[in-house]
Engineer: 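Shown below is the structure under consideration.
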Amino acid sequence: MFLFVLACSFSLNAQVLRKRTTLLMGGRFDISIVATDSLTAEQNIDLVIAEITRIENLISDWKPTSQVSEVNQNAGVKPIKVDREVFELAQRAIKLSKITNGGFDVSFAAMDRIWKFDGSMTEMPSTEAIKKSVEKVGYKNIILDSVQSTIFLKLKGMKIGFGALGEGYATDKCRTMMIAKGIKAGIINGSGDMSTWGKQPNGNPWKIGITNPFDPEKLLAVVPLEEQAVTTSGSYEKFVVFNGKRYSHIINPATGYPATGLCSVTVFGPNAENANGLSTSIMVLGHKEGLLLIEKFPEYSCLMITDKGKVIKSKNFNIKHFKAKF
């Protein structure tokens, strides 16, 4: 939600750019397709929307008929057989949960929402309430059976939810599908989780604007991208302040306490699913542990902004022509 596409309309070699915005997976999707003619572009946007809808119907924990909802409804009761696609997404989510020591946890959906970021909170929740809020959270209580392709949540009341990880997965799947169909360029932007490929109709790279977290009307930077993914996690819109300390709406699923220290993390890499998982995890872990985490993923780099306005880049940050406007 903190990323914007800065595109032109000039066309080269009869290439045209068509865009459409729609609501899917509980958020906004902006779909941009470059094709040889308008009809082809619009038809492929239809295909992208159909694919995202298919994925939503499989993995949305808000849809009672989805496979993930069936898993949640049978927590503590029995394993549920799911499509291989859903099973493998769960495998990857649990792997990330392990790597981050629970900084990311796919079972966060069971967390009680005791923190309010709508201006109604006048004091911090009690230590007891915070501890109780995460009682049902714990990726170690998820049992996967690869042979049967089943997912079992050991505790009653447990839930899994892919959240924005699912949006990143959907944008990656759509990019792969479009490339396979011969679409040379485009951007799938799921609430700030972007998968890009190819170039604009004028032959220039796509330009992605990153919001300045201290002045949302301005951009922190403009970054040129071709075939890459980028995601941003941030807290500048939703937070509370108690005793001079800023608490983010991004909650640490291991402790129940909001993330502190960072107000924005942008991750660049080959796919949006991993980039989203990393950006969310780094927000929770903080910049020191976050830098150690990103080092485990050499294909990915990150840009962090602390609550005090300090810009921190990972060692391998190599986005060419990056220009900070801070």
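Since the structure is predicted, the reported quantities are computational estimates derived from the model, not experimental observations. Numbers here are sequence positions counted from 1.
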Engineer: Using 30° and 60° as the class limits, which term best fits the ring planes of Phe317 and Phe268: parallel, tilted or perpendicular?
Structural biologist: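 The rings of Phe317 and Phe268 stand perpendicular, inter-plane angle above 60°.
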
Engineer: Going through the checks in order, is the side-chain hydrogen bond (donor to acceptor under 3.5 Å, both in side chains) test met by Arg18 and Ser32?
Structural biologist: CA-CA 6 Å; Arg18 287 293 178 268; Ser32 303; over 6 Å; no

Engineer: Can you tell if the side chain of Leu58 reaches within under 4.5 Å of the side chain of Asp83, non-hydrogen atoms only?
Structural biologist: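 Answer yes - side chains close enough.
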
Engineer: May I ask you to check whether Arg246 and Thr260 show a side-chain donor-acceptor distance below 3.5 Å?
Structural biologist: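 Note: Arg246 and Thr260 side chains miss the donor-acceptor criterion.
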
Engineer: When rounded to the nearest 0.5 angstrom, what is the spacing between OG1 in Thr150 and CZ in Phe87?
Structural biologist: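 Atom-to-atom, Thr150:OG1 and Phe87:CZ are 6.5 Å apart.
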
Engineer: Does any part of the side chain of Phe297, heavy atoms only, come nearer than 4.5 Å to the side chain of Glu299, both counted from C-beta?
Structural biologist: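 Glu299 does not reach Phe297 side chain to side chain.
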
Engineer: From Lys136 NZ over to Leu155 CG, what is the distance, rounded to the nearest 0.5 angstrom?
Structural biologist: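 That separation rounds to 6.0 Å.
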
Engineer: Just how far is it from atom CD of Gln148 to atom CD1 of Ile80, taken to the nearest 0.5 Å?
Structural biologist: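 Answer for the CD-CD1 pair, Gln148 versus Ile80, is 12.5 Å.
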
Engineer: Identify the residue among Asp193, Thr266, Thr231 that makes a side chain to side chain donor-acceptor pair (under 3.5 Å) with Ser279.
Structural biologist: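 Checked Asp193, Thr266, Thr231 against Ser279; only one passes side chain to side chain donor-acceptor pair (under 3.5 Å): Thr231.
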
Engineer: Would Arg84 and Ser146 count as having a side-chain donor-acceptor pair, cut-off 3.5 Å?
Structural biologist: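 Yes, because at least one side-chain N or O of Arg84 sits under 3.5 Å from a partner of the opposite role on Ser146.
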
Engineer: Evaluate Leu153 against Ser107 for side-chain contact (heavy atoms from CB on, under 4.5 Å), listing each step before the verdict.
Structural biologist: CA-CA 9 Å; Leu153 309 182; Ser107 66; over 6 Å; no

Engineer: Ignoring hydrogens, what is the shortest heavy-atom contact between Leu23 and Arg28? Give both atom names and the distance.
Structural biologist: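 Result for this residue pair: CD2-CA, 3.9 Å.
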
Engineer: Please name the pair of heavy atoms, one in Val82 and one in Val71, separated by the smallest distance, quoted to 0.1 Å.
Structural biologist: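 The pair with the smallest heavy-atom distance is CG1-CG2, 3.9 Å.
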
Engineer: Could you tell me if the side chain of Val34 sits less than 4.5 Å from the side chain of Val16, heavy atoms only?
Structural biologist: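 In short, these two side chains do not touch, never coming nearer than 4.5 Å.
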
Engineer: Going by heavy atoms in the side chains, are Met304 and Ser264 under 4.5 Å from each other?
Structural biologist: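 A side-chain contact under 4.5 Å is absent here.
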
Engineer: Could you report the tightest heavy-atom contact between Thr171 and Ala272, atom names first, then the distance?
Structural biologist: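 Distance-wise, the nearest heavy atoms are OG1-CB, 3.4 Å.
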
Engineer: Between the side chains of Thr21 and Asp30, is a donor N or O closer than 3.5 angstrom to an acceptor N or O?
Structural biologist: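 Their side chains do contain a donor-acceptor pair, which is all the 3.5 Å distance test asks for.
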
Engineer: Is there a path of hydrophobic side-chain contacts, each under 4.5 Å between heavy atoms of I/L/V/M/F/W/Y residues, joining Ile251 to Phe108?
Structural biologist: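 Yes, Phe108 and Ile251 fall within the same hydrophobic cluster.
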
Engineer: Check for me, please, whether Leu47 and Leu17 land in the same ILVMFWY cluster - side-chain distances under 4.5 Å, paths through other members count.
Structural biologist: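 No; Leu17 is not reachable from Leu47 via cluster members.
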
Engineer: With no hydrogens and no angle check, do the side chains of Asn274 and Tyr169 hold a donor and an acceptor under 3.5 Å apart?
Structural biologist: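 Asn274 vs Tyr169: no donor-acceptor pair found between side chains.
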
Engineer: Starting from Phe162, can I reach Met158 by hopping between I/L/V/M/F/W/Y residues whose side chains sit under 4.5 Å apart?
Structural biologist: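 Yes; Phe162 is reachable from Met158 via cluster members.
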
Engineer: State, with a plain yes or no, whether a side-chain heavy atom of Glu295 is found less than 4.5 Å away from one of Ser314.
Structural biologist: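 SC-SC contact between Glu295 and Ser314 ruled out.
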
Engineer: Using only atom types and a distance under 3.5 Å, with no angle test, would you say the side chain of Asp118 pairs donor to acceptor with the backbone of Ser120?
Structural biologist: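 Side chain of Asp118 to backbone of Ser120: a pair is present.
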
Engineer: Same cluster or not: are Ile45 and Met25 linked, directly or through other Ile, Leu, Val, Met, Phe, Trp or Tyr residues, by side-chain heavy atoms under 4.5 angstrom apart?
Structural biologist: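 Yes, Ile45 connects to Met25 through the hydrophobic network.
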
Engineer: Short question: side chain of Asn212, backbone of Phe214 - any donor-acceptor pair under 3.5 Å?
Structural biologist: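 Pair found, side chain donor or acceptor close to backbone of Phe214.
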
Engineer: Got a salt bridge between Glu85 and Arg54, using NZ or NE/NH1/NH2 to carboxylate O under 4.0 Å?
Structural biologist: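 Salt bridge present between Glu85 and Arg54.
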
Engineer: Run the side-chain contact (heavy atoms from CB on, under 4.5 Å) test on Trp206 and Lys199 for me, step by step, so that the C-alpha distance in whole Å, both residues' side-chain angles and the decisive distance to 0.1 Å come before the verdict.
Structural biologist: CA-CA 6 Å; Trp206 298 106; Lys199 297 182 179 182; 5.6 Å; no

Engineer: Minimum heavy-atom separation for Asn316 to Pro298, with atom names?
Structural biologist: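 Answer, listing the atom of Asn316 first, then Pro298: ND2-O, 3.2 Å.
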
Engineer: For Ser133 versus Gly256, what's the shortest heavy-atom pair and its separation?
Structural biologist: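 Closest pair (atom of Ser133, atom of Gly256, distance): OG-CA, 4.2 Å.
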
Engineer: Is there a side-chain contact between Pro79 and Asp145, using heavy atoms and a 4.5 Å cut-off?
Structural biologist: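 Result no, sub-4.5 Å side-chain heavy-atom pair not found.
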
Engineer: Tell me whether Lys132 is salt-bridged to Glu128, with the criterion being a basic N under 4.0 Å from an acidic carboxylate O.
Structural biologist: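 Glu128 and Lys132: not salt-bridged.
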
Engineer: Give me the atom names and distance for the closest heavy-atom approach of Pro253 to Gly103.
Structural biologist: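 What the structure gives for the nearest pair is CD-O, 3.3 Å.
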
Engineer: Using the benzene-type ring in the case of Trp, are the ring centres of Phe104 and Tyr139 under 6.0 Å apart?
Structural biologist: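 They do not qualify: ring centres at least 6.0 Å apart.
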
Engineer: How long is the span from the NZ atom in Lys310 to the CD1 atom in Ile305, to the nearest 0.5 Å?
Structural biologist: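 Between atom NZ of Lys310 and atom CD1 of Ile305 there are 11.5 Å.
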
Engineer: Side-chain donor-acceptor pair under 3.5 Å between Asn276 and Glu167, yes or no?
Structural biologist: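 Note: Asn276 and Glu167 side chains miss the donor-acceptor criterion.
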
Engineer: Answer yes or no: is there a donor N or O on one side and an acceptor on the other, between the side chain of Thr40 and the main chain of Thr36, under 3.5 Å?
Structural biologist: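 Flag not set: sc Thr40 to bb Thr36 has no pair under 3.5 Å.
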
Engineer: Scan side-chain atoms only and decide if Ser69 and Asn72 contain a donor-acceptor pair under the 3.5 Å cut-off.
Structural biologist: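 No - no donor-acceptor pair under 3.5 Å links their side chains.
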
Engineer: When you check the gap from the basic side-chain N to the acidic O, do Glu42 and Arg20 get nearer than 4.0 Å?
Structural biologist: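 Looking at Arg20 together with Glu42, the answer is yes, because their closest N to O distance falls below 4.0 Å.
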
Engineer: Heavy-atom distance under 4.5 Å between the side chains of Asp172 and Arg175, does that happen here?
Structural biologist: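 Of all side-chain heavy-atom pairs linking Arg175 with Asp172, at least one is under 4.5 Å.
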
Engineer: What verdict does the side-chain contact (heavy atoms from CB on, under 4.5 Å) test give for Thr196 and Glu227, after you've listed the backbone C-alpha separation in whole Å, the side-chain angles of each residue and the deciding distance to 0.1 Å?
Structural biologist: CA-CA 5 Å; Thr196 72; Glu227 188 160 343; 5.6 Å; no

Engineer: Please state whether the rings of His249 and Phe117 are parallel, tilted or perpendicular, taking 30° and 60° as the class boundaries.
Structural biologist: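 Rings of His249 and Phe117: perpendicular, over 60°.
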
Engineer: Quick check: do Lys154 and Ile142 have side-chain heavy atoms less than 4.5 Å from each other?
Structural biologist: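 SC-SC contact between Lys154 and Ile142 ruled out.
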
Engineer: In Å, rounded to the nearest 0.5 Å, how long is the span from CD1 of Ile59 to OG of Ser66?
Structural biologist: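 These two atoms lie 8.5 Å from each other.
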
Engineer: Which value, rounded to the nearest 0.5 Å, describes the distance between Ile52 atom CD1 and Ile31 atom CD1?
Structural biologist: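 The distance works out to 4.5 Å.
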
Engineer: Just do the side-chain contact (heavy atoms from CB on, under 4.5 Å) check on Leu225 and Val230 with the steps written out, would you?
Structural biologist: CA-CA 9 Å; Leu225 296 178; Val230 55; 3.6 Å; yes

